[in-house]
Q: 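Let me give you the structure first, and then I'll get to my questions.
Atoms within a ligand are numbered from 1 in the order they appear, just like the ligands themselves.
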Amino acid sequence: MNFSDRISPTVAAMPTSGIRRFFDIVAEMKGVVSLGVGEPDFVTPWHIRESCVYGLQRGYTAYTSNYGLLELRQEIAKLFQNQHDVTYDPRQEILITVGVSQALDLAMRAILSPGEEVLIPEPCYVSYQACVTLAGGTPVPVPTHIENEFRVTVQQLEKLVTPRTKALLIGYPNNPTGAIMPRPELEALAAFAVKHDLIVISDEIYGDLTYDGEHTCFASLPGMRDRTILLNGFSKAYAMTGWRIGYALSNPVFIGAMTKIHQYTMLCAPVTAQVAAIEALRNGERSMRKMVAEYNNRRRLMLEGLRSMGLECFEPKGAFYIFPSIKSTGLSSLEFAEQLLQEQKVALVPGSAFGECGEGYVRCSYATSTENLIEALKRISSFIKKFQ
Ligand code: PLP
């Protein structure tokens, strides 16, 4: 049997994630300082881990409702009411998922018919395009640029919207640029969504990781709650990547459709992790704020360090990534990343992994210790000297 012939053409045509490929190489090397993975270096705060242990002791070992534990949904509803003044009914407007990753997949599969288009500002998280494609849709990249602080504008979107456009998929604060969208610009996107009757999928997984004022929740904008599928989770803000808990918030019809797929393909998110997520929301804010303050110190260190080497560097306002331009070296972003790894043993991610307009940049994650960051800056500085 020719195994390759038996793979679905959609999957066969899909490139493997640029990040994964790169980190397979890194895994084989010794002495590497990695600014590669978008994963907190903190361990989940102890009180959250402990609540999981107690949960097991109390016998939380069975399936939950397909929607997730009602207690967790109630905590999420409370959070959004208090933080963003937007109301969700925990019984039918909140779905607990296996990370934002699953929520994203469910959202796309629930709304897309073959050939329908989704506008996606780039550079963006590597899964966005793939999720749209796997759901039978067509991703339509919308390039953003440093000159406009990597924000997407309505003028750009107007040029690419067609009668087939079904949705707009945004992720701010942004991975990989650290860009945010201030409220007036989000309001302009909201008006665009109404004009073209689009669904907005807003991935706000980095919403708590903002360093320059408050994050605006897209669903909290007037008229946007029911049009928006809001995605969020615990991986980044609470250092809970391995627990695999996320959630989707929207009107009962969208959440109901997503839950239908979820019940046949996943049943429910892991109960132990749901118990821990309740504790994170009830008592985790202080530890979360402490981690965010630490990321902010590291952000300043990286910004200053990269700029002082002469690299053009956009100031990230959220998430835990910084996205310097490496155009002055004359190398492509992949060449830069490969040569830096071979010569100085620093791992970062080529900007091209996040879309064509990411070419000429590299993504550095500062979710690693200050000590590692100082060492990485020293090595990057030695590396780029030869191009100056
Ligand atoms: N969305 C964005 C923008 C991300 O950067 C990531 C992970 O890096 C995810 C979603 C996936 O998060 P989760 O761990 O909740 O699946």
Q: Is a salt bridge present between Arg300 and Glu304, judged by a nitrogen-to-oxygen distance below 4.0 Å?
A: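 Here Arg300 does not pair with Glu304 in a salt bridge, since their nearest N and O are not under 4.0 Å apart.
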Q: For ligand 1, list every N/O pair with the protein closer than 3.5 Å, one pair per line with the distance.
A:
unit_1: ligand 1; atom_1: 1 (N); unit_2: Asp203; atom_2: OD2; d: 2.6
unit_1: ligand 1; atom_1: 5 (O); unit_2: Asn175; atom_2: ND2; d: 2.8
unit_1: ligand 1; atom_1: 5 (O); unit_2: Tyr206; atom_2: OH; d: 2.7
unit_1: ligand 1; atom_1: 8 (O); unit_2: Lys236; atom_2: NZ; d: 2.6
unit_1: ligand 1; atom_1: 14 (O); unit_2: Ser235; atom_2: OG; d: 2.7
unit_1: ligand 1; atom_1: 14 (O); unit_2: Arg244; atom_2: NH1; d: 2.8
unit_1: ligand 1; atom_1: 15 (O); unit_2: Val100; atom_2: N; d: 2.7
unit_1: ligand 1; atom_1: 15 (O); unit_2: Ser235; atom_2: OG; d: 3.3
unit_1: ligand 1; atom_1: 16 (O); unit_2: Val100; atom_2: N; d: 3.3
unit_1: ligand 1; atom_1: 16 (O); unit_2: Ser101; atom_2: N; d: 3.0
unit_1: ligand 1; atom_1: 16 (O); unit_2: Ser101; atom_2: OG; d: 2.5
unit_1: ligand 1; atom_1: 16 (O); unit_2: Arg244; atom_2: NH2; d: 2.7

Q: For Leu189, what are the other residues in its hydrophobic cluster, where any two members join if their side-chain heavy atoms are less than 4.5 angstrom apart?
A: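 Hydrophobic cluster check, Leu189: joined to Leu119, Val140, Val142, Val152, Val154, Leu157, Leu160, Val161, Leu168, Ile170, Tyr172, Met181, Leu186, Phe192, Val194, Leu198, Val200, Phe218, Leu221, Met224.
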Q: Could you tell me whether Asp41 and Arg298 make a salt bridge, using a distance below 4.0 angstrom between a side-chain N and a carboxylate O?
A: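 The answer is yes: the pair qualifies as a salt bridge.
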Q: Filter on salt bridge (Lys or Arg N to Asp or Glu O under 4.0 Å), then keep only pairs touching residues 49-73, sequence neighbours left out; what's left?
A: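 Every salt bridge (Lys or Arg N to Asp or Glu O under 4.0 Å) pair that includes a residue of residues 49-73, provided the two are not neighbours, is Glu71-Arg282.
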Q: If the plane angle is over 60° it's perpendicular, under 30° parallel, otherwise tilted; pick one for Tyr125 and Tyr128.
A: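 If you compare the ring of Tyr125 with that of Tyr128, the planes turn out perpendicular.
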Q: Can you list everything that forms a ring pair (Phe, Tyr, Trp, His ring centres under 6.0 Å) with Tyr60? Sequence neighbours excluded, please.
A: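 Here no residue qualifies.
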